[in-house]
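Let me begin by presenting the structure, written as structure tokens, before commenting on it.
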Amino acid sequence: MRNRLTPARRTRFAARLLLWYDQNKRDLPWRRDAHDPYRVWISEILLQQTQVATVMPYYARFLARFPTVRALAAASLDDVLKTWEGAGYYARARHLHRAAQEIVARFDGKVPPTVDELLTLPGIGRYTAGAIASIAFNRDAPVLDGNVTRVLCRYLNIADDPKSAGTQKELWALAEELLPRGRAGKFNQALMDLGATVCTPRRPLCSACPLNRSCAARRLGIQAQLPAKHQKKTLPHHQVAVGLIWKRGRILIAKRFAKDLLGGLWEFPGGHQEKRESLKQCVRREVREELETEVHVEDEFAVVEHAYSHFRITLHAFNCQWVRGRPRAIGCAEYKWVSPRELSRYAFPSANRKIIAKVMGER
DNA sequence: AACACGTGGGG
DNA sequence: TCCCCAAGTGT
């Protein structure tokens, strides 16, 4: 390990950070709820790759709907997904549901306190296990997230790709080494708060940083260039067409397979446009393949742009008349005819919700 | 080890 | 507009 810190420097690091935290910590709902491991767990899952401001309303709504591990375990996955609707990364919701059932079965309904036990639950990786163990149970467990990575890379001028296995190992070791025994919960949150509010990705506020005097990157004036980022691939762009298929005031929706992208969510039947195929032909073909029924494709109803993390779609929605054949789920898990107002009971991906908004607006 | 997995906000 | 990215995990 290249970066070995002297005991004195470790102590100073923690002392300055904790003092800063006492005066600058954010007042967040899950901090008030830190005595309840279930709430800490929910907050940590919601916060994965998601900003605090986005999480806030979901946190309140989720806990109002599922106040305990047992309530979550007893709920249907559809209800859980509906509560998660719009938050993204829906595997988090599926894992949460499954983990709640495992906690009831294996841990008497209580979130386990140790990193090793937490790691056996779906959706809980090394970061989340450390966060729950330290924040809810004050165990001496380190965390390494995007914030901690940024703070440490800058503080110690670590210029290697932070995603690489070697650097990861080094960073975890450092997070562990810096941890003041008996105060892990506070220390970890302090480190993350510092990264979120002071040691920010762009234009860090070094003058407000409690660690600025001993920060290696700042001394060199290269704060903003760390941590190193690896090159991103350009996003593919797809044309997608879906059908708003009407029959006697009801509309046909299909449920996606659990394992797929947006698994377990509902959508309007349709899919990717193939080469040498018009968007109308695309809807017809997809509906035939997905539901073994025929539709008459009429006018285009709406066009929605939507960016995912790894591709971008232009989603074309067509008004369609159901022609003949009984729908039969082939390429989807399930289908249903629902009235427009019933649409709000089902969890849809963001792109489809924009179309629903138009459907409701036009009625 | 690299990729897949969502979404909304900010510069 | 476009690009970046935000308290990661699973495969």
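Naming: A, B, ... by sequence-line order, numbering from 1 per chain. No hydrogens, no waters, no symmetry mates; every other heavy atom, side chains included, goes into these values.
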What's the gap between C/dA7 and B/dG10 when it is taken at their P atoms, as a whole Å value? 15 Å
Distance, rounded to the nearest Å, where A/Gln48 contributes CD and B/dG6 contributes C1': 13 Å
So if I apply the side chain to side chain contact (heavy atoms under 4.5 Å, CB included) rule between A/Ile124 and each of A/Ile132, A/Leu96, A/Val111, which one comes out positive? A/Ile132
Main-chain N/O of A/Ala333 paired to A/Lys255 side chain as donor or acceptor, under 3.5 Å: no
Contacts of A/Ala165 and A/Arg353 projected onto DNA chain B by closest heavy atom; the upstream (5') one is A/Ala165
Between P on B/dA4 and CZ on A/Arg256, what's the gap in Å once rounded to a whole number? 15 Å
Residue closer to the 5' end of DNA chain C, A/Leu47 versus A/Gly123 (nearest nucleotide): A/Leu47
Just checking A/Ala53: base, sugar-phosphate only, or nothing, at a heavy-atom cut-off of under 4.0 Å? nothing
Length of the CZ-P vector between A/Arg202 and B/dG10, whole Å: 11 Å
Between C/dC4 atom C1' and A/Gln51 atom CD, what is the distance in whole Å? 10 Å
Minimum-distance nucleotide (side-chain atoms of A/Leu28 versus C/dG10, C/dA7, C/dC5): C/dA7
Is A/Gly86 touching bases, backbone alone, or none of the nucleic acid, heavy atoms closer than 4.0 Å? sugar-phosphate
Can you tell me how far P of B/dA4 sits from CD of A/Gln49, to the nearest Å? 15 Å
P-based separation of C/dT11 from B/dG6 [nearest Å]: 14 Å
Nucleotide C/dT9, atom C1' - distance to CG of A/Leu121 in whole Å: 13 Å
At 4.0 Å (heavy atoms only), tell me whether A/Ser164 reaches a base, stays on the sugar-phosphate, or touches nothing. nothing
Salt-bridge test for A/Arg288 and A/Glu292: reply yes if a basic N is under 4.0 Å from a carboxylate O, no otherwise. no
Remember a base hit wins even if backbone is also touched, and classify A/Ile124 as base, sugar-phosphate or nothing at under 4.0 Å, heavy atoms. sugar-phosphate
Heavy-atom nearest nucleotide on DNA chain B taken for A/Arg203 and for A/His306; more 5' hit belongs to A/His306
Take the angle between the ring planes of A/Phe187 and A/Phe13 and call it parallel below 30°, perpendicular above 60°, tilted in between. tilted
Just checking A/Thr54: base, sugar-phosphate only, or nothing, at a heavy-atom cut-off of under 4.0 Å? nothing
Between C/dC5 atom C1' and A/His310 atom NE2, what is the distance in whole Å? 16 Å
Consider the side chain of A/Met192, meaning its heavy atoms from C-beta on, and name the nucleotide among C/dG8, C/dA7, C/dC5 that approaches it most closely. C/dA7
Taking OP1 and OP2 of B/dC5, is either one under 4.0 Å from a side-chain nitrogen or oxygen of A/Tyr308? no
Which part of the nucleic acid, if any, lies within reach of A/Trp30 when heavy atoms closer than 4.0 Å are counted: base, sugar-phosphate only, or nothing? base
With heavy atoms under 4.0 Å as the rule, sort A/Arg150 into base, sugar-phosphate or nothing. sugar-phosphate
Mind checking if A/Ile45 touches a base, just sugar-phosphate, or nothing, with heavy atoms under 4.0 Å? nothing
cation_pi(A/Arg256, A/Trp266) dist<6.0 Å, angle<=45: no
Might you work through the salt bridge (charged side-chain N to carboxylate O under 4.0 Å, His left out) test for A/Asp161 and A/Lys163, ending with a clear yes or no? CA-CA 5 Å; A/Asp161 177 3; A/Lys163 307 272 189 198; over 6 Å; no
Choose from B/dT7, C/dA7, C/dG10 the nucleotide whose nearest atom is closest to any side-chain atom of A/Leu262. B/dT7
Rounded to whole Å, how long is the line connecting atom CG of A/Leu96 with atom P of C/dT9? 13 Å
